[in-house]
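Positions are given from 1 along the sequence.
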Amino acid sequence: EGSQRAWISDGTTAGTHVVDKTLAKNPRLFTELKGEVYFVGEDSNGVVQVFMINVQDNSFAIDVVSQFSSDPTKPDITQLHGVGGMLFISRDTASASKTDLFSYAHKSGNGPDRLNTFHLDGTAGSDQLLAVAASFNDRLIFAANDGTGRGRELWISDGTAANTELLADLASGGDHGAPGAFVVDGSVMFFVAAKPTGGSTSDLVAYQLDQNFAIKELATITPSFTPTSGTEALDIASFAGNAVDFTYYVATQNGSGDYA
């Protein structure tokens with residue numbers, strides 16, 4: 001029929017085969033969580049759902065995790081992110097400018113539960129909800145804009161709606177802190193964010209998050225950094241970070257193509 005299916009292999013020809021020929025067309029976003037594999041695909045009605053490859057007695061089957069109803073707009077699931085025993089799901093809404101965040105407790109049989117609705121900023125691939133995210137101390141740390149005028153800032157979630165909340169408004173007012181380059185190094189997490197200095201420039205500042213989720217400003221990396229969209233959000237997708245022995249390294253790119 002031309003649709004892709006989920007396959008599994010043990011490294012041998014005999015052990016390489018399709019898991020299921022009828023469920024989950026066009027699988028993608030494979031995500032491991034607690035020894036199981038979750039992924040996104042289309043059900044028999046063309047609705048994008050979350051599936052899990054279930055292993056029982058050395059046999060493999062596909063189970064439908066989500067039960068999203070059919071929608072003429074056919075909203076897509078754009079990201080999956082596993083944290084501890086929780087799967088976080090970013091799903092489009094009927095509005096092109098908004099995305100829902102869901103959570104699913106591993107093998108709970110319930111949900112997914114909608115946690116909040118976030119707004120998109122229109123800044124490249126980094127604009128997708130959960131495109132900039134990390135698992136730290138059994139929490140999801142992510143960059144998001146809730147549409148209340150704060151811009152894209154630092155958020156935290158334990159998988160419940162009550163505890164999905166703003167962690168820090170790094171750029172006061174309506175400016176975007178646009179945190180990115182998340183790197184977990186043992187008991188700390190490093191990241192960078194924009195700190196507006198007035199006009200169309202911002203300082204690029206490095207921060208540290210400790211196990212109690214307290215934030216410490218470390219250093220200004222690039223003074224008078226020019227965001228790629230004027231006074232709008234920085235292009236987080238251009239940030240890359242690494243950490244070695246609690247030393248944080250980060251590479252950034254501005255709108256002119258210059259690296260720092």
Side-chain angles (χ1 to χ4, degrees), residues 28-34 36 38-42 47-52 64-71 73-170 176-180 182 184 189 191 193 209 213 233 236-237:
R28 55 198 182 275
L29 301 179
F30 290 92
T31 303
E32 189 275 334
L33 181 68
K34 293 289 186 180
E36 307 286 356
Y38 291 86
F39 65 94
V40 170
E42 300 162 18
V47 180
V48 179
Q49 306 282 7
V50 178
F51 298 84
M52 182 186 76
V64 183
V65 168
S66 61
Q67 296 293 339
F68 294 123
S69 59
S70 180
D71 187 309
T73 63
K74 295 190 181 299
D76 194 14
I77 295 173
T78 56
Q79 298 283 341
L80 297 180
H81 200 97
V83 179
M86 194 72 65
L87 183 72
F88 289 88
I89 303 160
S90 171
R91 184 176 187 257
D92 292 342
T93 68
S95 169
S97 62
K98 297 179 182 179
T99 301
D100 283 335
L101 178 65
F102 291 83
S103 67
Y104 171 75
H106 176 64
K107 287 190 170 180
S108 67
N110 299 317
D113 298 315
R114 193 181 71 83
L115 305 179
N116 205 338
T117 298
F118 292 95
H119 289 228
L120 305 180
D121 305 316
T123 50
S126 60
D127 184 45
Q128 287 187 351
L129 184 64
L130 300 188
V132 181
S135 172
F136 178 63
N137 203 16
D138 288 330
R139 297 292 188 275
L140 175 72
I141 310 296
F142 62 106
N145 180 354
D146 66 350
T148 61
R150 286 184 293 231
R152 184 161 3 111
E153 296 295 346
L154 194 67
W155 282 70
I156 187 170
S157 178
D158 67 354
T160 66
N163 292 319
T164 299
E165 56 193 353
L166 181 74
L167 182 58
D169 186 357
L170 298 163
H176 296 272
F182 294 175
V184 175
M189 190 189 96
F191 65 96
L209 187 66
F213 307 109
I236 304 176

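Evaluation of the side chain to side chain donor-acceptor pair (under 3.5 Å) rule for T31 yields no partner, not counting sequence neighbours. Taking F39 as the reference, F30, F51 meet the ring-ring contact (aromatic ring centres under 6.0 Å, His included) condition, with sequence neighbours excluded.
Closest non-hydrogen pair, A193 versus P179, comes out as CB-CA, 4.0 Å. Summarising the geometry of V50 relative to L80, their closest heavy-atom pair is CG2-CD2, 4.2 Å, with the distance given to 0.1 Å. In terms of heavy atoms, M189 sits closest to A134 at SD-CB, 4.0 Å. Closest approach of L115 and S103 over heavy atoms only: CD2-OG, 3.6 Å. L140 and A133 make their closest contact through CD1-CB, 4.0 Å (heavy atoms, listed as atom of the first residue, atom of the second, distance). For the residue pair T117 and D100, the shortest heavy atom distance occurs at OG1-OD1, 2.5 Å.
Note that the CG atom of N116 and the OG1 atom of T99 stand 11.5 Å from one another [nearest 0.5 Å]. Expressed to the nearest 0.5 Å, how far CG of D169 lies from CZ of R152 amounts to 13.5 Å. Put simply, CZ on F213 and CD1 on I156 are 4.0 Å apart, with the number rounded to the nearest 0.5 Å. The CD1 atom of I77 sits 8.0 Å away from atom CZ of R28, with the distance rounded to the nearest 0.5 Å. To the nearest 0.5 Å, atom CD of residue E165 and atom OG of residue S157 are 8.5 Å apart. The CZ atom of R150 sits 3.5 Å away from the OG1 atom of T148 when rounded to the nearest 0.5 Å.
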Full working for side-chain contact (heavy atoms from CB on, under 4.5 Å) between D146 and L166: CA-CA 9 Å; D146 66 350; L166 181 74; over 6 Å; no

Determine, stepwise, if the pair L167 / L209 fulfils side-chain contact (heavy atoms from CB on, under 4.5 Å). CA-CA 10 Å; L167 182 58; L209 187 66; 4.0 Å; yes

Check the pair F88, F142 against side-chain contact (heavy atoms from CB on, under 4.5 Å), reporting the backbone distance first and the verdict last. CA-CA 11 Å; F88 289 88; F142 62 106; over 6 Å; no

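Side-chain polar atoms of S97 and S95 form a donor-acceptor pair below 3.5 angstrom.
Aromatic ring centres of F191 and F136: separated by at least 6.0 Å.
In this structure, the side chain of S90 does not engage the main chain of Q79 through any donor-acceptor pair within 3.5 Å. With hydrogens and angles disregarded, a donor-acceptor distance shorter than 3.5 Å links the side chain of Q49 to the backbone of F68. In terms of modelled atom types and a separation under 3.5 Å, the side chain of D158 and the main chain of T160 share a donor-acceptor contact.
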